[in-house]
Amino acid sequence: MPELPEVEVVRLGLADHVLDRKIAEVEVAHPRAVRRHAEGGLDFAARLAGRTITGARRRGKYLWLDLDGGAAGDDAVLAHLGMSGQMLVADATRPDEKHLRIRFRFADDGSELRFVDQRTFGGLSVHPLVPATGGGLLPGPVAHIARDPMDPLFDLDAAVAAVRRRRTELKRALLDQTVVSGIGNIYADEALWRAKLHSLRPTEALTRAQGRAVLEAATEVMAEALRAGGTSFDALYVNVNGASGYFDRRLDAYGQADRPCRRCGTPIRRDAFMNRSSFSCPRCQPRPRHRATGGITASRGA
DNA sequence: GTAATCACCTGCAGGC
DNA sequence: TGCCTGCAGGTGATTA
């Protein structure tokens, strides 16, 4: 599942393969892939034909391709990979993927850019760039997203304060993209394990030191994942060349149900959390005393 | 204004 | 073998 490191790997690949290339034609094979483009697929394709890609940027799990000046000024193609989205640079002669949703053909007749998405949670859309709080230009839908821990202007103390201002459970706050962006279920569990904090810990009772510890752990684990090329459990996350990352082999908590904790040997526990799963070590990460439980201990393993 | 819940969607594993 | 159910989970709309 693409989280920040996986999206960054894709962004780097796009920067290598599509920068300064002129789009000749865009084909939308599935309307759901452009559902966030309010004017529909035909308008999406029409707005991109003839434009040149001038940049590949990212905030959190969103990435976008800057376009040269159009009729209405600077704009960008915004992409969210959702659960299973892939941006593939492919030779035009290669057979189409089963879940090909959008195809970009370029004026140079070289490789194509394909948006492939099995579960259709992802999508592409075109938006004008608008001034963002804190400076810079961003596509409109990204303007409310907080800076991610790999952003050079990320303010750790401000992020800790934002987490502590919330009145919720710690993991919910970590997953809230308006508090800190880029963290998904995998890296939230890994950061909590490293910081020895339970996902249900109330944010209002979190000390500054604990807040710093969990956000620093998140930064650390995502940087390590990026160096490994991202986390892949199956064929759903790949880079632009279709290759998988290797960080899943180094996960300490996520997907490790019933396996011994690498710190203390206690079996990792799986709990239900927001219609998904949460993994933690019951010894290193004790539950807070005054929170409702209701989790499950049965596990399906990884 | 803030927090919680649910729908969206497809493929796979496991049980019967 | 085939059907059914549960699970994976990020985002945005809706509800409280």
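Numbers restart at 1 for each chain; the letters A, B, ... are given by sequence-line order, proteins then strands. For clarity, every value in this text was computed on a predicted model and none was experimentally measured.
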Margin query: Is Arg276(A) close enough to dG10(C) that one of its side-chain N or O atoms is under 4.0 Å from OP1 or OP2 there?
Written below: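 Looking at the OP1 and OP2 atoms of dG10(C), one of them is under 4.0 Å from a side-chain N or O of Arg276(A).
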Notebook entry, point to check: Closer than 4.0 Å, any side-chain N/O of Ser84(A) to the OP1 or OP2 of dT10(B)?
Noted result: no
Checklist line | Option from Ile23(A), Thr52(A), Thr54(A) for which side-chain contact (heavy atoms from CB on, under 4.5 Å) with Leu67(A) holds | finding: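 So, applying the side-chain contact (heavy atoms from CB on, under 4.5 Å) to Leu67(A) and each of Ile23(A), Thr52(A), Thr54(A), only Ile23(A) qualifies.
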Next item on the list: Using side-chain contact (heavy atoms from CB on, under 4.5 Å) as the criterion, point out the one residue from His127(A), Arg36(A), His80(A) that pairs with Pro141(A).
Entry: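 That would be His127(A); it is the only one of His127(A), Arg36(A), His80(A) passing the side-chain contact (heavy atoms from CB on, under 4.5 Å) with Pro141(A).
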For the side chain of [X], counting heavy atoms from C-beta on, which of [options] is nearest?
X         : options                   : answer
Met83(A)  : dA3(B), dT10(B), dA8(C)   : dA8(C)
His80(A)  : dA3(B), dT10(B), dT11(C)  : dT11(C)
Arg101(A) : dA3(B), dT10(B), dT11(C)  : dT10(B)
Arg172(A) : dA4(B), dT10(B), dT11(C)  : dA4(B)
Thr168(A) : dA3(B), dC9(B), dG10(C)   : dA3(B)
Arg36(A)  : dA3(B), dG10(C), dG12(C)  : dG12(C)
Gln118(A) : dG10(C), dC7(C), dG11(B)  : dG11(B)
His144(A) : dG11(B), dG12(C), dG10(C) : dG12(C)

Next item on the list: Examine Arg262(A) relative to Trp193(A) and say whether NZ or CZ is less than 6.0 Å from the centre of the six-membered ring and inside a 45° cone about the ring axis.
Entry: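 No, Arg262(A) does not lie over the aromatic ring of Trp193(A).
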Notebook entry, point to check: Bend angle of the helix from dT2(B)-dA16(C) to dC16(B)-dG2(C) from five-pair axes at both ends, rounded to 10°?
Noted result: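 Comparing the axis at each end, I get an angle of 50°.
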Length of the line joining [X]:[atom1] and [N]:[atom2], which is rounded to integer Å:
X         : N       : atom1 : atom2 : result
Lys171(A) : dA3(B)  : NZ    : C1'   : 18 Å
Leu174(A) : dT11(C) : CG    : P     : 14 Å
Phe279(A) : dA8(C)  : CZ    : P     : 6 Å
Arg165(A) : dG1(B)  : CZ    : P     : 15 Å
Arg119(A) : dT10(B) : CZ    : P     : 11 Å
Leu175(A) : dT5(B)  : CG    : P     : 14 Å

Notebook entry, point to check: Side-chain donor-acceptor pair under 3.5 Å between Ser111(A) and Asp91(A), yes or no?
Noted result: no
Item checked: Residues that Glu97(A) engages under side-chain contact (heavy atoms from CB on, under 4.5 Å), provided they are two or more places apart -> Leu88(A), Arg94(A), Leu100(A), Arg114(A), Val116(A)
Margin query: Run the side-chain contact (heavy atoms from CB on, under 4.5 Å) test against Ser199(A) and tell me which residues pass, sequence neighbours left out.
Written below: Lys171(A), Leu192(A), Ser278(A)
Notebook entry, point to check: Base, sugar-phosphate, or nothing: which does Tyr62(A) touch, judged by heavy atoms less than 4.0 Å apart?
Noted result: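 Sugar-phosphate contact only.
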Check: Does a side-chain N-to-carboxylate-O contact under 4.0 Å join Asp66(A) and Arg57(A)?
Finding: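 Here Asp66(A) pairs with Arg57(A) in a salt bridge, since their nearest N and O are under 4.0 Å apart.
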